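Working notes, beginning with the structure itself.
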Amino acid sequence: MARPIERTVILLVDAARPEAEAIEAAARLVRAGRLVAFPTETVYGLGASALDAAGVAAVFRAKGRPPRNPLIVHVGDAAAARRVTAAWPESAGRLAERFWPGPLTLVLPRGSAVPDAVTGGGDTVAVRAPSHPVARALLAAAQLPIAAPSANRSQRLSPTRAEHVARDLFGRVALILDAGPSPGGMESTVVDLTTVPPRILRPGPILARDLGEEIGAVEGPPVFAARRGPPLKGPGMLRRHYAPRTRLDCAPTGEAATHAAEQAARGLRVALLTIGASPAVDEVRRVQMPADAVSYAARLYDVLHALDEEGLDRIVAELPPDEDAWAAVRDRLARASSAR
Ligand code: TXA
Ligand code: MG
């Protein structure tokens, strides 16, 4: 594990009209191969020049990320995306036209300018044009594509606030641009356009049906098994990621309150995440989450970060309905609840 050695600076920036001096300072650091954490409309990213192999290697060290897990390259627009890809199929053009800038990542054949470090040595590259004004200003000022994973240590929750970034990465990053909470609160949809049919690799704010309207049927998303409670399911079915430190169990609506009550009766300190209003459960801290998927997604990581700080023994979450609109939330809850 790399020793924390950077003198991290945190700059407050206006989320709608970021101050030019702060953006210039960040752009200079990126051009010099240093690490800058910045807000996007989904979560905060940990950025380095996507054309600088040493800078990208520093991202992996700062995160403690396995080198084969590739990074998303952030660009200003489709023209910039074409400079880091080796092919730009019609499907990419349609999706970029409709959803960029925004929370959609396209996996495409990798351009020759992109170092191995970004793609994990693979022959595809993931590209996305973020819509957050701070990310856009940084990309415009740096005049470079910026490789950026979520700005958390590997296997931890993605950050939706600069405070979350600082907690994980203080001393490992040169600058954190703090523009307040990320509005979307959950990572972008990742769709692979190199397969037929295209395949959703990670569900997110752009739904399967949104993609389908532009490019026809898409496959996926992959479904992960959620942990309901002991005993654990066999490894291999489960993929822990996006996880709080506190153990999280998922249960269908109607069983979650009972599961939470059982844990509390064993003397554990338990929080129960309900979808919309629900009756109180004795000795259980109830957190009422929004009943619509977009608002729920915007709150989830923030709530999990806050519950982690409280040092509870268990978080129990009601599983949302198995519907397209809830696919991203279900995916993150399932991963967060997987065996560790
Ligand atoms: O919303 C987001 O996408 C945020 C913000 C910062 O843009 N970024 C983010 O990055 O979530 P990260 O590195 O935490 O997740 C990137 C995902 C991973 O699941 C990675 O495996 C996948 O994208 N990915 C990246 N490059 C890929 C490639 N060439 N082929 C397939 N999957 C790829
Ligand atoms: Mg991540």
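Whatever order the structure lists them in is the order used to number ligands and atoms, beginning at 1. Numbers for residues simply follow the sequence, beginning at 1. This structure is a prediction, so every number in the text was calculated from the model and none was measured.
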One pair to check against side-chain contact (heavy atoms from CB on, under 4.5 Å): Ile206 and Leu211. What are the steps and the verdict? CA-CA 7 Å; Ile206 307 297; Leu211 299 172; 3.8 Å; yes
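In this comparison of Gly184, Pro70, Pro39, the heavy atom closest to atom 26 (N) of ligand 1 sits on Pro70. Selection from Ile72, Thr124, Val43, Asn69 by nearest heavy atom to atom 29 (N) of ligand 1 gives Thr124.
Residues Met186 and Val329 are in side-chain contact: their nearest non-hydrogen atoms beyond the backbone lie under 4.5 Å apart. Side-chain atoms of Thr8 and Leu175, non-hydrogen and from C-beta on, never get closer than 4.5 Å to each other. Within the 4.5 Å cutoff, side-chain heavy atoms of Pro149 are placed close to those of Arg65.
For residues 204-214, every residue pair satisfying the side-chain hydrogen bond (donor to acceptor under 3.5 Å, both in side chains) rule, not counting sequence neighbours, is listed here: Arg98-Glu213, Arg98-Glu214. Sorted by first and then second residue, the side-chain hydrogen bond (donor to acceptor under 3.5 Å, both in side chains) pairs with a member in residues 77-90 read Glu90-Arg94; sequence neighbours excluded.
Ion pairing of Arg167 with Glu309 is present here, as a side-chain N (NZ or NE/NH1/NH2) and a carboxylate O approach within less than 4.0 Å.
The atoms of ligand 1 that sit less than 4.0 Å from any heavy atom of Ala126 are 25 (C), 26 (N), 27 (C), 29 (N). Residue Val107 approaches ligand 1 through these ligand atoms, each under 4.0 Å from one of its heavy atoms: 30 (N), 31 (C). Counting atoms of ligand 1 from 1 in the listed order, those under 4.0 Å from a heavy atom of Ser188 are 1 (O), 2 (C), 3 (O). Applying the 4.0 Å criterion to heavy atoms of His74 picks out, from ligand 1, the atoms 5 (C), 6 (C), 7 (O). Each of the atoms 10 (O), 12 (P), 13 (O) of ligand 1 lies under 4.0 Å from some heavy atom of Pro149. Per-residue contacts place Thr42 under 4.0 angstrom from the following atoms of ligand 1 (heavy atoms of the residue considered): 1 (O), 2 (C), 4 (C), 5 (C). Near Leu201, with a cut-off below 4.0 Å to any heavy atom, the atoms of ligand 1 are 31 (C), 32 (N). Of all atoms in ligand 1, listed by their number and element, those nearer than 4.0 Å to a heavy atom of Gly45 are 6 (C).
Backbone or side-chain N, O or S atoms of Ser150 reach the Mg ion (ligand 2) at under 2.8 Å.
A donor-acceptor pair shorter than 3.5 Å cannot be found between the side chains of His164 and Asn152.
No option in Arg34, Arg172, Arg61 other than Arg34 meets the salt bridge (Lys or Arg N to Asp or Glu O under 4.0 Å) test with Glu6.
Under the 4.0 angstrom criterion for non-hydrogen atoms, Thr119 is not in contact with ligand 1. Proximity of Arg65 to ligand 1 is established by a heavy-atom distance of less than 4.0 Å.
The shortest N or O to N or O distance between Thr105 and ligand 1 is not below 3.5 Å. Between Thr40 and ligand 1, no pair of N/O atoms sits closer than 3.5 Å. Checked by distance only, ligand 1 and Tyr44 stay at 3.5 Å or farther apart across all their nitrogen or oxygen atoms. Taking any N or O of Arg202, backbone or side chain, at least one lies under 3.5 Å from an N or O belonging to ligand 1. Where the criterion is an N or O separation shorter than 3.5 Å, residue side chain and backbone included, Ser150 meets it with respect to ligand 1.
Distance alone, capped at 3.5 Å, is enough to place a donor-acceptor pair between the Asp313 side chain and the Arg269 backbone. Lys63 places no side-chain N or O within donor-acceptor distance of the main-chain N or O of Gln155, the cut-off being under 3.5 Å.
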